[in-house]
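Right, one structure below, let's go through it.
Letters go in sequence order (proteins before strands), and every chain restarts at 1.
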Amino acid sequence: MQISEDALKQAYRQMKTIRMFEERLHDEIMTGEIAGFTHLYAGQEAVAVGVCEHLDYNDTIASTHRGHGHCIAKGCDVKGMMLEIYGRANGICKGKGGSMHIADIEKGMLGANGIVGGGPPIVVGAALAAKLYGDGRLAVAFSGDGACNQGTTFEAMNLAVVTNAPAIFAFENNHYSEHTGVSYAVGSEDIAGRAESFGMKAWRVDGCDFFKVYETMGEVVDHVRAGKGPAAVEFDTERFFGHFEGDPQNYRGEGEIARIRKERDCITIFREHAAKKKLVSKKDLDAIDKEVSDLIDKSVEESRAAAPPTAEDVLTDVYIDYI
Amino acid sequence: MAELMLREAILQTLFSEMERDENVVVLGEDIVGGMGTDGGPEAIGGIWGTSTGLYDKFGGDRVIDTPISESAIIGAAGGLGLTGKRPVAEIMFADFLGVCMDQIWNQMAKFRYMFGGKTECPAVVRMIYGAGLNAAAQHSQAPHGILTSMPGLKVVMPSTPADAKGLLSTAIRDQDPVIFLEHKALYAEKGEVPEGDYTIPFGHARLAHAGEDVTIVAAGLMVKFATKAAKTLSEQGIGCDVIDLRTTSPLDEEAILDSVENTGRLVVVDESPPRCGLATDIVSLVTNKAYASLKAPPEMVTSPHTPVPFARELEKAYLPSPDKIADAVQRTLAWK
Ligand SMILES: Cc1ncc(C[n+]2csc(CCOP(=O)(O)OP(=O)(O)O)c2C)c(N)n1
């Protein structure tokens with residue numbers, strides 16, 4: 001599948017933004033300034049970006065508790081996200097939601113979700129709306145290997161099939177749900193196969209290779225936009241950090257994290273592939289690194305300096321006037 | 001007596017109840033921690049540290065680590081209970097009640113009644129609830145009001161390590177479904193815990209602080225806040241009874257009414273929103289049954305009618321606090 005140099009640079013910029021956002025958060029959380037639970041997405045960037053590269057703002061996604069990557073890939077404002085995670089009044093959700101609940105409907109981002117399995121049913125609704133709009137829109141539900149055990153996910157897949165909804169179930173198999181391994185928790189271990197058994201077409205792909213993700217998603221999106229029904233993709237991917245920040249990770253194998261960082265880092269894999277195929281120059285990629293690093297520095301600086309919400313803000317936004 | 005944290009009291013009680021009765025089985029997400037990983041079982045030992053070591057001691061048939069499937073967990077607990085076992089299921093965050101509501105509300109809670117009283121389902125569902133950790137709207141709620149409103153369930157909210165032990169032992173030995181709510185902000189709370197066999201009957205409140213002027217009713221974490229307020233007020237010469245409900249279903253009406261008949265003033269503290277909740281329930285009980293004793297309108301100190309916010313400042317404004325409780329007490333005293 002062809003991809004323009006500009007699109008490639010943009011994809012790299014987003015992957016790098018997610019990575020730096022996450023690594024910076026990992027450090028900043030140590031300072032104690034950030035409250036609540038934070039689940040880092042680093043390692044899985046190629047999935048979010050490779051999927052969302054095929055979407056525009058009319059297409060919607062629903063994310064998980066590990067949502068930063070999906071938000072950035074879908075175009076959410078990075079500074080607004082950082083402000084939100086710092087719990088600031090001018091955060092993207094006014095400090096009310098925090099890391100686990102970032103949403104931006106204008107960008108087609110229907111929300112990170114604190115409830116495992118919360119997203120897929122919502123995506124079926126968004127997909128049915130897309131069908132009514134009749135202009136080829138679609139909706140994507142990101143779920144982990146753990147979420148594929150939730151009844152809501154099963155119900156959503158079946159409903160999507162029987163209503164021929166343009167929904168895509170994107171399963172990010174990072175081999176863990178919290179501290180439990182996929183081999184223990186997922187009976188068949190074949191998540192794509194589960195989706196197939198509901199009567200939809202499903203793909204399996206290496207989620208650490210942006211180019212493979214991008215290519216596969218091209219096929220998936222074509223299938224769904226053509227009205228051939230919902231589809232699923234299982235991405236084999238890696239989680240670099242713990243389940244949440246503060247997780248001691250002593251359930252992971254000896255040297256496992258060092259190994260996946262060395263062999264399965266989607267950013268390294270991207271750079272190597274781009275160099276080998278002479279797709280984007282190293283100089284351009286380095287320039288993007290610098291640009292992203294500045295953005296993250298500024299986001300953190302501004303977040304630190306920004307004002308928190310006030311007590312009265314607790315009472316606003318309870319009943320919503322839909323425009 | 002040993003001094004234990006509330007979480008340690010829970011773990012020790014699970015240990016001793018499992019040892020005492022081989023029918024006791026525990027199940028829940030990541031309660032073993034490390035299943036199917038290189039680190040192996042017990043690498044984590046449960047998210048909350050309330051199940052560490054159970055798997056090593058009792059094995060996988062009685063300590064069942066489950067996939068993320070709350071409906072199946074609660075349904076399985078119901079089925080185990082119906083067929084002679086004593087399941088103790090864990091719902092990692094009480095908010096996930098939303099996912100398994102049917103199995104609790106329409107199944108487990110109704111078996112005994114629907115089946116003409118011939119059926120028993122001795123299941124315990126431990127749920128970790130409450131705000132205070134900035135865990136935001138889907139990981140901070142206090143759903144005891146919703147659960148208390150469901151006939152067929154017993155609802156327990158310990159506020160001290162000793163009560164956690166005594167009430168959990170009772171819950172596990174009870175013949176009915178019991179919802180056992182553990183506040184995440186109380187897990188590190190320390191206190192003396194009686195050794196050996198120790199049970200506390202349901203429906204018996206505890207007087208956490210004694211005084212003559214105002215009755216404060218609370219449960220769970222709110223007991224800690226109310227007691228703090230009562231201590232401050234006593235330095236100003238104001239005496240408060242703090243009634244720790246311990247169980248909201250059954251409810252110790254007598255303890256509440258006796259105290260209000262003595263003080264003539266009522267402040268109810270509740271962590272959950274005010275509409276159709278525990279606070280309104282207690283206020284209506286008192287106005288119905290002890291109206292003549294009241295010297296001032298009852299006060300409710302609750303969270304506002306909103307979801308739980310994330311930011312520190314917002315969550316602080318959301319939760320009742322010792323100061324807000326003391327202010328409410330003062331208002332009942334100032335009323336003319
Ligand atoms: C309904 C529900 N059950 C349990 C949890 C607690 N929890 C949060 S994340 C998680 C693991 C999710 O695993 P997976 O779906 O594989 O996603 P990953 O963390 O690997 O991204 C669990 C059990 C939750 N948030 N919601």
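Here the closest non-hydrogen pair linking Gly36(B) and Ser183(A) is O-OG, 3.5 Å. The two residues Gln138(B) and Asn113(A) come nearest to each other via the heavy atoms OE1-OD1, 3.4 Å. Contact record, Met35(B) with Tyr184(A): CE-CE1, 3.4 Å, taken as the closest heavy-atom pair. The two residues Gly87(A) and Ala311(B) come nearest to each other via the heavy atoms O-CB, 3.4 Å. Closest approach of Leu314(B) to Gly95(A), counting heavy atoms only: CD1-O, 3.8 Å.
Between chain A and the residues Pro307(B), Ala317(B), Ala137(B), the most heavy-atom pairs under 4.5 angstrom are made by Ala317(B). Put simply, of Gly40(B), Ala43(B), Gly98(B), the one with the most heavy-atom pairs under 4.5 Å next to chain A is Ala43(B). Per-residue heavy-atom pair counts under 4.5 Å with chain A were compared for Asn134(B), Val99(B), Ile44(B), and the maximum is reached by Ile44(B). When the candidates Ala89(A), Ala311(A), Gly97(A), Gly151(A) are compared by the number of heavy-atom contacts under 4.5 Å with chain B, Gly97(A) comes out ahead. Among the candidates Gly91(A), Gly187(A), Ala185(A), Gly98(A), the residue making the largest number of heavy-atom pairs closer than 4.5 Å to chain B is Gly98(A). Of the listed residues His179(A), Glu178(A), Glu312(A), the one with more heavy-atom pairs under 4.5 angstrom with chain B than any other is His179(A).
Heavy-atom proximity under 4.5 angstrom to chain A picks out Asp65(B), Pro67(B), Ile68(B), Ser69(B), Glu70(B) from residues 64-77 of chain B. Within residues 239-249 of chain A, the residues approaching chain B closer than 4.5 Å by heavy atoms are, in numerical order, Asp247(A), Pro248(A). Among residues 50-62 of chain B, no residue has any heavy atom closer than 4.5 Å to a heavy atom of chain A.
The 12-atom threshold is exceeded at CH2 of Trp48(B), counting heavy atoms of other residues, nucleotides or ligands nearer than 6.0 Å. Atom NZ of Lys228(B) has 12 or fewer neighbouring heavy atoms from other residues, nucleotides or ligands inside a 6.0 Å radius. Within 6.0 Å of NZ in Lys94(A) there are 12 or fewer heavy atoms belonging to other residues, nucleotides or ligands. Within a 6.0 Å sphere centred on NZ of Lys110(B), heavy atoms belonging to other residues, nucleotides or ligands number more than 12.
Between Phe96(B) atom CZ and Gln150(A) atom CD the span is 9.5 Å, to the nearest 0.5 Å. One finds the CZ atom of Arg88(A) at 7.0 Å from the CD atom of Glu313(B) (value rounded to the nearest 0.5 Å). Annotation: the span from Glu256(A) atom CD to Asp38(B) atom CG amounts to 6.0 Å, rounded to 0.5 Å. The distance from atom CD1 of Ile34(A) to atom CZ of Arg312(B), rounded to the nearest 0.5 Å, is 9.0 Å. To the nearest 0.5 Å, atom OG1 of residue Thr306(B) and atom CG of residue Asp313(A) are 11.5 Å apart. Taking OH from Tyr86(A) and CZ from Phe310(B), the interatomic distance works out to 11.0 Å, rounded to the nearest 0.5 Å.
In this structure the side chain of Thr37(B) never reaches within 4.5 angstrom of the side chain of His175(A), judged on heavy atoms. Taking the side chain as every heavy atom from C-beta outward, Met100(A) and His139(B) approach each other to under 4.5 Å.
Contacts of Thr316(A) with chain B are absent, with no heavy-atom separation under 4.5 Å from either backbone or side chain. Looking at Val32(B), neither its backbone nor its side chain comes within 4.5 Å of chain A, counting heavy atoms on both sides.
Annotation: side chain to side chain contact (heavy atoms under 4.5 Å, CB included) contacts of Met30(A) (sequence neighbours excluded): His26(A).
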